[in-house]
Visitor: 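Please see the structure below; I have some questions.
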Amino acid sequence: MTLKKEFDFSQNLVLEDDTVLLRPLQHSDFENLLYFALSEPEIWTFSSIAASGSENLKNYINLAIQARENKTEFPFIVIDKKTGRYAGSTRFYDINFPFSSLQLGYTWYGKDFQGTGLNKHCKFLMLQFAFEVLKMERVEFRADSNNAKSIAAMKSIGCQVEGILRSHMPKLNSDDRRDSIILSILKNEWEEGARQRLLDKINNK
């Protein structure tokens, strides 16, 4: 068996370096993330699942954990090791072992952690795990095509733009529909330069 076929969704998977720690999201993390749901509504402007407010956050966490139990997603809570504070959340999703692909997303951080370099640390750890442990051939990213900050962040870690899915999905709390931009990193791109370029950016921060 290959490593990817042996992946245990119930494991206590922890990814960390000297700056950030990612551990599995738990129901008890409701209290750790409640401040963001109540006090920073702008975080959810482009979200596809509502998480602002107490009830929405409970539903957000419940859906994430249920998806992990269904073996399609693996959600993490993000901890800033420099301050010891909870910073946000991210996950692997649409995990498809037969196709050796997955998506990386549902990523958000509190305002204090945006633009600090924390995201690059998180993405390096997750990409490293996806390509080097799970042996994925492709890691995909998606975002609302109007979410300029998120798109810039994805490009900065080495993602290549593939195109736009027009009228892809409904917008949250709106009758409008969003166009979704598709980006990706391939295994050969990771091995042939993207890994080192991202590591250099982290080390030069």
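Keep in mind that this is a model prediction, so the values were computed, not measured.
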Visitor: Between L102 and I95, which heavy-atom pair has the shortest distance, and what is it?
Guide: CB-CA, 4.0 Å
Visitor: Without hydrogens or angle criteria, can the side chains of S10 and D8 be said to hold a donor-acceptor pair below 3.5 Å?
Guide: yes
Visitor: Just verifying a value: how many Å separate T19 OG1 and I202 CD1, rounded to the nearest 0.5 Å?
Guide: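 Separation between the atoms: 8.0 Å.
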Visitor: Under a 3.5 Å cutoff, is there a donor and acceptor pairing between the side chains of Q66 and N62?
Guide: no
Visitor: Run the ring pair (Phe, Tyr, Trp, His ring centres under 6.0 Å) test against F46 and tell me which residues pass, sequence neighbours left out.
Guide: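 Once residues adjacent in sequence are excluded, F46 has no partner under the ring pair (Phe, Tyr, Trp, His ring centres under 6.0 Å) criterion.
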Visitor: Please enumerate all residues that pass salt bridge (charged side-chain N to carboxylate O under 4.0 Å, His left out) together with R85, with sequence neighbours excluded.
Guide: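 D112.
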Visitor: Let me check something: any side-chain donor-acceptor pairs from residues 53-61 under 3.5 Å, sequence neighbours excluded? List them with distances.
Guide:
| unit_1 | atom_1 | unit_2 | atom_2 | d |
| --- | --- | --- | --- | --- |
| N56 | ND2 | S52 | O | 2.8 |
| Y60 | OH | W108 | NE1 | 3.3 |

Visitor: Taking only residues two or more places apart in sequence, or in another chain, which ones meet F9 in a ring pair (Phe, Tyr, Trp, His ring centres under 6.0 Å)?
Guide: F7
Visitor: Over all heavy atoms of both residues, which pair between P24 and N12 is shortest? Give the atoms and the distance, please.
Guide: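 Of all heavy-atom pairs spanning P24 and N12, the closest is CD-OD1, 3.4 Å.
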Visitor: With hydrophobic residues grouped by side-chain heavy-atom distances under 4.5 Å, do L63 and L25 end up in a single group?
Guide: yes
Visitor: Are the side chain of T116 and the backbone N or O of F113 linked by a donor-acceptor pair below 3.5 Å?
Guide: yes
Visitor: Below 4.0 angstrom, N of the basic side chain to O of the carboxylate: do R177 and D144 qualify?
Guide: no
Visitor: Please determine, by modelled atom types, if S184 and E162 share a side-chain donor-acceptor pair under 3.5 angstrom.
Guide: yes
Visitor: State, to 0.1 Å, how close K81 and D17 come at their nearest heavy-atom pair, and which atoms those are.
Guide: NZ-O, 2.7 Å
Visitor: With a 3.5 Å cut-off and no angle check, do the side chains of N32 and D29 form a donor-acceptor pair?
Guide: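 A pair is found: one side chain offers a donor N or O, the other an acceptor, under 3.5 Å apart.
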Visitor: Evaluate side chain to side chain contact (heavy atoms under 4.5 Å, CB included) for L22 paired with C122, printing each intermediate quantity in order.
Guide: CA-CA 8 Å; L22 290 79; C122 289; 4.0 Å; yes
Visitor: Got S156 and K201 here, is their nearest side-chain heavy-atom distance under 4.5 Å?
Guide: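 They are in contact (side-chain heavy atoms under 4.5 Å apart), so the answer is yes.
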Visitor: Under the criterion side-chain contact (heavy atoms from CB on, under 4.5 Å), which of T90, T107, V20, V78 is the partner of N119?
Guide: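 Of T90, T107, V20, V78, side-chain contact (heavy atoms from CB on, under 4.5 Å) with N119 is met by T107 alone.
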Visitor: Any chance you could measure I151, atom CD1, to R142, atom CZ, to the nearest 0.5 Å?
Guide: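 CZ of R142 is found 13.5 Å from CD1 of I151.
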Visitor: Which pair of heavy atoms, one from L21 and one from E16, lies closest together, and at what distance?
Guide: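 Scanning both residues, the minimum pair turns out to be CD1-OE1, 3.4 Å.
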Visitor: Is any side-chain N of the basic residue among E140 and R138 closer than 4.0 Å to the acidic one's carboxylate O?
Guide: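 Judged by the 4.0 Å cut-off on N to carboxylate O distance, E140 and R138 do form a salt bridge.
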Visitor: In the hydrophobic clustering that connects Ile, Leu, Val, Met, Phe, Trp and Tyr at side-chain heavy-atom distances below 4.5 Å, which members other than L165 occupy its cluster, ordered by chain and number?
Guide: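 I182, which link up through side-chain heavy atoms under 4.5 Å apart, make up the rest of the cluster.
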Visitor: Give, for atom OG of S39 and atom NZ of K111, the distance between the pair rounded to the nearest 0.5 Å.
Guide: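 Rounded to the nearest 0.5 Å, the OG-NZ separation comes to 8.5 Å.
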Visitor: Is the side chain of D80 donor-acceptor paired with the backbone N or O of K82 at a distance under 3.5 Å, no angle test?
Guide: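 It does hold such a pair.
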Visitor: Should F129 and L186 be regarded as members of a common hydrophobic cluster, given that ILVMFWY residues are connected when their side-chain heavy atoms come within less than 4.5 Å of each other, either directly or indirectly?
Guide: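 In one cluster with F129: L186, no.
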Visitor: Are I77 and L34 linked, directly or through intermediate hydrophobic residues, by side-chain heavy-atom contacts shorter than 4.5 Å (ILVMFWY only)?
Guide: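 Yes: a chain of side-chain contacts under 4.5 Å links L34 to I77.
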Visitor: Could you work out, with side-chain contact (heavy atoms from CB on, under 4.5 Å) as the rule, every residue matching D175, not counting sequence neighbours?
Guide: none
Visitor: How would you list, by chain and number, every residue that makes a side-chain contact (heavy atoms from CB on, under 4.5 Å) with V161, sequence neighbours excluded?
Guide: K155, I181, L183
Visitor: Hey, could you give me each pair passing ring-ring contact (aromatic ring centres under 6.0 Å, His included) that has a residue in residues 150-198? Not counting sequence neighbours.
Guide: F124-W190, F131-W190
Visitor: What pairs with E189 under salt bridge (charged side-chain N to carboxylate O under 4.0 Å, His left out), at least two apart in sequence or on another chain?
Guide: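 Testing E189 for salt bridge (charged side-chain N to carboxylate O under 4.0 Å, His left out), a comparison that skips the adjacent residues, returns none.
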Visitor: Could you pull out all residues at least two apart from Y109 that satisfy ring pair (Phe, Tyr, Trp, His ring centres under 6.0 Å)?
Guide: none
Visitor: If only atom types and distance count, is the side chain of R91 paired as donor or acceptor with the main-chain N or O of P75 below 3.5 Å?
Guide: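 Absent.
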Visitor: To the nearest 0.5 Å, how far apart are CD1 in I185 and CE in M136?
Guide: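 Here the rounded value is 14.5 Å.
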Visitor: Indicate yes or no: at least one non-hydrogen side-chain atom of K135 is less than 4.5 angstrom from one of S100.
Guide: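 No, every pair of side-chain atoms sits at 4.5 Å or beyond.
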Visitor: For the NZ atom of K123 and the CG atom of L104, what is their distance to the nearest 0.5 Å?
Guide: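 The NZ atom of K123 sits 5.5 Å away from the CG atom of L104.
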Visitor: What are the two closest non-hydrogen atoms of W44 and A37, and how far apart are they?
Guide: NE1-CA, 4.1 Å
Visitor: Within the 4.5 Å heavy-atom criterion, are D18 and H121 side-chain neighbours or not?
Guide: yes
Visitor: N204 side chain to D200 main-chain N or O, any donor-acceptor pair under 3.5 Å?
Guide: yes
Visitor: Could I get the full list of salt bridge (charged side-chain N to carboxylate O under 4.0 Å, His left out) partners for E40, not counting sequence neighbours?
Guide: none
Visitor: Taking ring pair (Phe, Tyr, Trp, His ring centres under 6.0 Å) as the definition, give me every residue that meets it alongside F76, ordered by chain and number, with sequence neighbours left out.
Guide: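 With sequence neighbours excluded, F76 shows a ring pair (Phe, Tyr, Trp, His ring centres under 6.0 Å) to F74, F92, given in chain and number order.
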Visitor: Would M169 end up clustered with I49 when hydrophobic side chains under 4.5 Å apart are linked, directly or stepwise?
Guide: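 No, M169 and I49 fall in different hydrophobic clusters.
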Visitor: What's the spacing between K171 NZ and S48 OG if we round to 0.5 Å?
Guide: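 If we round to the nearest 0.5 Å, K171:NZ and S48:OG are 13.0 Å apart.
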